[in-house]
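One-based numbering along the sequence shown.
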Amino acid sequence: MKGYLEKGKFPEELMNILKSLALERVDDNDDVVNKIGNYDNLEIIPLTNSFTNHIYKVNWESKSRNSSVLVRIYGEGRDLFLDSEEEIKTFEWMSNNGYGPKLYGHFPNGRVEQFIHGRTLSPDDLRNSDISAIVAAKIREFHALEKPGSTNPVLWGELRKLLNDAKTLSSAEIKKEFSLENLEEEINLLENILSKDSSQQVVFCHSDLRGDNMIFNETTKHLTLIVSISFPFHSTLFNVL
């Protein structure tokens, strides 16, 4: 099931998380846990696929209530761009402090999150002044977060690592076509310019501000930012870019 979620083929760790949640949510003698173990009452709804994740809504029924969670399965090659262990630490810290969805558990190639009711935002939504004001306010909240640990930006080191990987894997023709030998000079130039700009404060950034990472509840007007970040500290300009 690498990268995907198939009924009858859940990893044991995922199944244990679902059973544990089911036990917490029943208030009768329902055999919901056995049903989950046999996949009898599990409904799997693919939501969307991104470059690094496959996302599913998983529903189950009991006598007293229906429950839903979001299951995120990491895609192949994801670790080339993201540090999943650091991402889980950041996500868990945010969850414990009331930002974003709750984290119910994680397993080697994915995690289980609270299912947030709402819709993702389209480009037209983001052009709406009322909605964009809500987005701006939420981003300001993010910038004010003080996560324990190092706040040093790691963007430049990550860019150099990716560039070195690209050079190692590319043929001479590809290196020439994409001017890979000149890119480190450009990275150095950008780092030098931005590090001297005193207006660019280093803050906790979202790092992937796209409409499909924003869940908006029309009724409550509440916005939830879905975050998948390993190293969140960058200059404020990085969030705009």
Pairwise distance CG(L103) to OG1(T90) - rounded to 0.5 angstrom: 11.5 Å
field: Heavy-atom closest pair, residues I134 and K221
entry: CD1-O, 4.0 Å
task: I would like to know whether R160 and N188 meet side-chain hydrogen bond (donor to acceptor under 3.5 Å, both in side chains); could you show each step before the answer?
output: CA-CA 9 Å; R160 291 185 179 98; N188 294 338; 2.7 Å; yes
task: Go through I131 and M214 one step at a time and tell me if the side-chain contact (heavy atoms from CB on, under 4.5 Å) criterion holds.
output: CA-CA 11 Å; I131 293 179; M214 305 177 189; over 6 Å; no
task: Check whether any side-chain heavy atom of Y56 sits under 4.5 Å from a side-chain heavy atom of H54, and report yes or no.
output: yes
message: Can you tell me how far apart CG (L163) and CG (L183) are? Round to the nearest 0.5 Å.
response: 5.5 Å
Side chain to side chain, F115 and S67, heavy atoms closer than 4.5 Å: no
Side-chain (K175) to main-chain (K167) donor-acceptor, under 3.5 angstrom: yes
- prompt: Can you check whether F204 reaches M94 side chain to side chain, under 4.5 Å on heavy atoms?
  reply: yes
Minimum-distance pair of heavy atoms, taken over all atoms of D130 and N128: N-OD1, 2.8 Å
message: Within the structure provided, determine whether V135 and L126 are in side-chain contact (heavy-atom separation under 4.5 Å).
response: yes
- prompt: How far does CG of L47 sit from CG of D212, to the nearest 0.5 angstrom?
  reply: 12.0 Å
message: Under a 3.5 Å distance rule, please check whether Q114 uses its side chain to pair with a backbone N or O of K102 as donor and acceptor.
response: yes
- prompt: Side chains of F91 and N96: closer than 4.5 Å at any heavy-atom pair?
  reply: no
- prompt: Any Lys/Arg nitrogen of K161 or E158 sitting under 4.0 Å from an Asp/Glu carboxylate oxygen of the other?
  reply: no
statement: Distance col, row I73:CD1 vs F10:CZ, nearest 0.5 angstrom, shows 8.0 Å
- prompt: Taking atom types as modelled, is there a side-chain donor on D125 or S122 under 3.5 Å from an acceptor on the other?
  reply: yes
task: Please confirm whether the backbone N or O of A166 pairs with a side-chain atom of S170, one donor and one acceptor, at under 3.5 Å?
output: yes
task: Would you sort out whether L18 and Y104 count as a side-chain contact (heavy atoms from CB on, under 4.5 Å), showing the intermediate values?
output: CA-CA 9 Å; L18 295 179; Y104 293 133; over 6 Å; no
- prompt: Shared ILVMFWY cluster between L169 and L180, side chains joined below 4.5 angstrom?
  reply: no
Stepwise side-chain contact (heavy atoms from CB on, under 4.5 Å) check, N213 with L225: CA-CA 6 Å; N213 280 332; L225 297 183; over 6 Å; no
- request: Could you please spell out the steps behind the side-chain contact (heavy atoms from CB on, under 4.5 Å) verdict for K57 and L70?
  value: CA-CA 5 Å; K57 181 182 181 183; L70 185 140; over 6 Å; no
query: Does a side-chain heavy-atom distance below 4.5 Å link F216 with T120?
result: no
- line: So CG of L121 and CZ of R210: to nearest 0.5 Å the spacing works out to 12.5 Å
- request: Is it possible for you to say whether L189 and W156 belong to one hydrophobic cluster, with membership spreading through side-chain heavy-atom contacts below 4.5 Å?
  value: no
field: Verdict with reasoning, R111 to E92, per salt bridge (charged side-chain N to carboxylate O under 4.0 Å, His left out)
entry: CA-CA 11 Å; R111 63 179 184 250; E92 187 169 24; over 6 Å; no
message: Which heavy atom of P101 sits nearest to which heavy atom of I226, and what is that distance?
response: CG-CD1, 3.7 Å
message: A side-chain contact here means heavy atoms from C-beta on lying under 4.5 Å apart; do T224 and Y99 qualify?
response: no
message: Closer than 3.5 angstrom, by distance alone: can the side chain of S68 be matched with the main-chain N or O of N59 as a donor-acceptor pair?
response: no
statement: Here the gap from N109 atom CG to E13 atom CD, rounded to the nearest 0.5 Å, amounts to 8.5 Å
query: Are F107 and V71 close enough that some pair of their side-chain heavy atoms sits under 4.5 Å apart?
result: yes
